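A short write-up of the structure that comes next.
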Amino acid sequence: MTTPQIRIIDGDTVTDRDMNAEEITAYEIMQDEVNALAEAQAAKAVARQIVLDRLGITAEEAQLLLGGI
Amino acid sequence: MMIYETDTDKVAVYDSSAWVYKTGTTAPAAPVTPGVVRVGGGTLSGSATTFSNVFSATYDAYQIVFSNLVGSVATVSLLLTFGSTTTGYYGGFIGVANNGTVSGYGLNNGSSINRGIRARTTGGGTVVNVQNPFLTLRTFFQVSGIDSNTAGGADNAIGAGFVDDSTSYTAFTITSSGGTCTGTVNIYGYALS
């Protein structure tokens, strides 16, 4: 696996290098959280569609009920 | 008559026969020009870009402007972290898609500011305002951003939050998620008056 690259900008000095161990740990924590968030959103979308199907209305009609413009 | 000597940083008063230096006097504070002052910036590259030494005692509040954000894949989220802190980000965001669909997103002890800074292959832009990053107080932020989605997704977002610690930060990092991103970041300090 390729080591993620990081750019450090300090004033006019720009340094491009491989992430160090601490930076990779932080990078992985954030990536894991974003992936979990995406999975949760996808699951919520499926659940929303199940409810809409049960009610027999479209997403647009549901938005009208909820006050969407 | 009274003068201020810039070479000695002393105030002198003429007492009708000689100049008498006043002890305990200090130089007057340099005048502060109201407005915003650019304190740093540059172009994004790779998986992450750190902007070092941009927060200081000179300013309490900052504006970070993201321009011409172009992702390597359809949608790239950019995650903002202060210093090396990857915990304790709290807040909430609202996204309104161009079809009117409203979505809410909570940020509950998150690892970054993970909403509102996004890019597509066709572009994106965001403004983030930050208060107190250098002070040993909680850092507060407000985000307003959008990418160039025309398909009805909730890809715009406004939101606000804070970092639940009192760390003094001098730097922040932008990390790409789901691809890489190019673009320009400019950081401005709001001059104290």
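Each chain gets a letter, A, B and so on, in the order the sequences are listed, and its residues count up from 1. The structure presented is a predicted model; accordingly, all values stated were derived computationally and were not measured.
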message = Which atoms of B:T175 are under 4.5 Å from chain A, going by heavy atoms: the side chain, the backbone, both sets, or neither?
response = side chain

query = Should the pair B:R115 and B:Y105 be classed as cation-pi, given the thresholds of under 6.0 Å to the six-membered ring centre and 45° from the axis?
reply = yes

request  = Tell me, out of A:D16, A:I29, A:N35, who's got the most heavy-atom pairs with chain B below 4.5 Å.
outcome  = A:I29

ask   = So do B:Y89 and B:F82 actually touch side chain to side chain, heavy atoms under 4.5 Å?
value = yes

task = For chain B, find which of A:Q5, A:E33, A:M19 contributes the most heavy-atom pairs closer than 4.5 angstrom.
result = A:E33

ask   = Are any of the side-chain heavy atoms of B:V130 and B:Y59 separated by less than 4.5 Å?
value = no

Portion of B:T87 that has a non-hydrogen atom of chain A nearer than 4.5 angstrom = neither

message = Tell me which of these, B:S112, B:S176, B:G178, B:A48, has more heavy-atom pairs under 4.5 Å with chain A than the rest.
response = B:A48

ask   = Closest heavy-atom contact between B:G183 and B:L69?
value = CA-CD2, 4.2 Å

message = Can you tell me which portion of B:S84 sits under 4.5 Å from chain A's heavy atoms? Options are side chain, backbone, both or neither.
response = side chain

Chain A contacts, top residue of B:G110, B:G40, B:S77 (heavy-atom pairs, under 4.5 Å) = B:G110

query = Based on non-hydrogen pairs under 4.5 Å, which of A:T25, A:I6, A:I9 is most in contact with chain B?
reply = A:I9

query = Any side-chain donor paired with an acceptor under 3.5 Å for B:N129 and B:Y190?
reply = yes

request  = Establish, from distance only, whether the side-chain atoms of B:T173 and B:T50 form a donor-acceptor pair under 3.5 Å.
outcome  = yes

key: Residue pair B:V76 / B:S177, side-chain heavy-atom distance below 4.5 Å   = no

key: Atom group of A:E60 that falls short of 4.5 Å from chain B, counting heavy atoms   = neither

Greater than 12 external heavy atoms within 6.0 Å of A:N20's CG = yes

request  = Examine whether an atom of B:L44 lies under 4.5 Å from a heavy atom of chain A, and if so say whether it belongs to the side chain, the backbone or both; otherwise answer neither.
outcome  = backbone

inquiry  = Quick check on A:E23 against chain B: is it the side chain, the backbone, both or neither that has a heavy atom closer than 4.5 Å?
reply    = neither

